[in-house]
Every structure is written in C-alpha cells, then in structure tokens.
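For reference, the structure discussed in these notes is given below.
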Amino acid sequence: MDDFILFFVRYLHVLCGVMWIGILWYFNFVQIPCMPKIPAEQKPAISKVIAPEALFWFRWGAAGTVLFGLILAALNPAYTLHEAMTFQIPYIGFGMWMGIIMAINVWFVIWPAQKIALGLVEADDSAKPAAGRRAMLFSRTNTLLSIPMLFAMVSVQNPPGL
Amino acid sequence: MSKILESLPMTIVAGIILTIIMVIATNKIDNMNQSGVEKTFSDLQKKMN
C-alpha cells in the first residue's frame with residue numbers, strides 16, 4: 001500500500017508538472033512569438049480569453065507540482081526531505097530548488113504582472129507594457145530553468161551515467 | 001541577462017549550458033559525498049584494528 005501511495009503521489013506530481021511546463025512552453029514557444037503576427041482586432045481573443053484561462057491552469061499546475069513534489073520527497077524511503085534539499089542527493093536537490101524558484105516566479109511575479117498586463121486588475125495604461133515585459137522575462141527565466149530542472153528530475157529515476 | 005531572455009534560441013542555449021554546469025556540479029558533489037563515506041569507512045576499519 002505504501003508503494004502505491006508513493007506511486008500515486010509521483011503520478012500526481014508528474015501530471016501537474018506536465019500541465020505547468022506544457023503551458024509554460026506554450027507561452028514561450030507559441031503565444032509570445034506569434035503575438036506580433038496576429039492582427040490587432042484579433043489580439044483580444046488571446047489577451048481576454050485564451051491567456052487568462054491558460055494562466056489559471058498554469059499557476060495551479062505549478063502549485064500542484066510543488067505540493068505533490070514535497071509530499072513525494074517527504075514520503076520517499078530513499079532519502080529525507082532535508083537530505084534532498086541540502087544536495088546530499090544532488091540531482092533531486094537541484095531539481096527541487098529550481099522547481100521551487102520557478103513556482104515562486106509564477107505566483108509572485110508572473111501572475112501579478114500578467115493581471116496588470118492583461119487588464120484583469122485596475123492599473124494605469126502606462127503600467128501595462130512594463131508589467132508585460134516583466135512577466136515575459138520571468139516566464140523566459142522559467143523556460144531557461146525548466147531545461148536543467150527536467151534533466152535533474154529525470155536523472156533521479158534514470159541516472160544518465162555521466 | 002535580459003538580452004539572453006528576450007531571445008528564445010539564446011534562452012534554450014543558456015538552459016543547456018546551465019544543465020552542463022549542473023551535471024559537473026553534481027559529479028563534484030557526488031565525489032565529495034563518496035569521499036566522506038570512504039573516510040568514515042576507513043576510520044571505522046582503523047578503530048576495528
């Protein structure tokens with residue numbers, strides 16, 4: 001039963017992670033590069049409909065990934081949460097810290113900035129471009145971190161033998 | 001830094017470089033941890049002798 005619980009928490013962790021990183025990569029590989037090519041009258045379809053919905057699943061995917069990841073690390077019999085977070089198991093340590101930094105970026109920088117940029121909260125029109133740029137740069141930071149983070153997470157289960 | 005992040009290809013390259021740095025750091029940490037275990041084992045053997 002313990003093995004099943006461990007498996008199921010890992011499954012939920014991966015499920016939420018796919019939701020989160022999938023939408024992160026959608027933003028960075030599809031939406032941001034395509035925005036300049038979309039005619040002005042069609043842009044609201046992205047900014048008013050698609051982006052707010054994507055951001056909902058994006059931020060809760062991030063929260064779920066970290067929550068189930070911490071539960072997984074706490075339940076895992078191979079190491080303690082303290083050992084993992086102090087790099088005694090280096091790959092899981094790097095992966096966890098990068099994932100936590102990325103989730104902090106999502107909840108405390110990208111989401112607040114996107115609320116301003118997309119007009120979901122009251123803000124001066126002059127604040128919108130700066131907020132949009134801040135959200136884009138932190139989203140790119142997360143894209144950068146996602147490359148080593150995923151390498152680290154996969155390496156825990158399947159050592160690359162480097 | 002923002003120049004790198006403004007370009008998607010440069011962001012990917014930076015991510016790959018960071019991955020390589022992480023692999024090197026991981027190997028170093030693993031070697032240090034290994035050395036610690038070996039030292040403990042050797043100390044234990046000395047005590048037994």
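Chain letters run A, B, ... following the sequence lines, proteins first and then strands; every chain starts at 1. None of these values were measured; they are calculated from a predicted model.
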Exercise for the section: Check the surroundings of atom CZ in A/F151: do more than 12 heavy atoms from other residues, nucleotides or ligands lie under 6.0 Å from it? Expected result: yes
Completion exercise
Rounded to the nearest 0.5 angstrom, the CD1-OG1 distance for B/I29 and A/T86 is 10.0 Å
Fill in the blank from the handout: Output for pair (A/R140 CZ, B/S2 OG), nearest 0.5 Å, gives 12.0 Å
Exercise for the section: Please report the C-alpha distance between B/L5 and A/M136 in whole Å, then the side-chain angles of each, then the deciding distance to 0.1 Å, and finally whether the side-chain contact (heavy atoms from CB on, under 4.5 Å) criterion is met. Expected result: CA-CA 9 Å; B/L5 296 172; A/M136 188 278 280; 5.9 Å; no
Exercise for the section: Identify whether B/M22 and B/I17 are in the same connected component of the hydrophobic contact network (ILVMFWY, side-chain heavy atoms under 4.5 Å). Expected result: no
Fill in the blank from the handout: So OG1 of B/T26 and OH of A/Y91: to nearest 0.5 Å the spacing works out to 4.5 Å
Exercise for the section: Mark yes when over 12 heavy atoms from residues, nucleotides or ligands other than A/Y11 sit less than 6.0 Å from its OH; otherwise mark no. Expected result: no
Completion exercise
Rounding to 0.5 Å, atoms CD1 (B/I12) and OG1 (A/T143) come to a distance of 8.5 Å
Problem - Exceeds 12 heavy-atom contacts within 6.0 angstrom, atom CH2 of A/W111 - result: yes
Exercise for the section: May I ask you to check whether over 12 heavy atoms, not counting those of A/Y26, lie within 6.0 Å of atom OH? Expected result: yes
Problem - Atom CD of A/E122: over 12 foreign heavy atoms under 6.0 Å - result: no
Practice task
Below 4.5 Å from any heavy atom of chain A, which atoms of B/M1 appear? Answer side chain, backbone, both or neither.
Solution key: side chain
Practice task
Determine whether A/F94 and B/T19 make a side-chain contact, defined as any pair of heavy atoms from C-beta on separated by less than 4.5 Å.
Solution key: no
Fill in the blank from the handout: Nearest heavy-atom contact between A/P148 and B/L18 is CG-CD2, 3.8 Å
Problem - B/I16 CD1 to A/L144 CG distance, which is reported to the nearest 0.5 Å - result: 10.0 Å
Exercise for the section: Give a yes or no on whether B/K28 atom NZ has more than 12 heavy-atom contacts from other residues, nucleotides or ligands under 6.0 Å away. Expected result: no
Completion exercise
Cut-off 4.5 Å, heavy atoms of chain B, and the answer for A/M98 is side chain
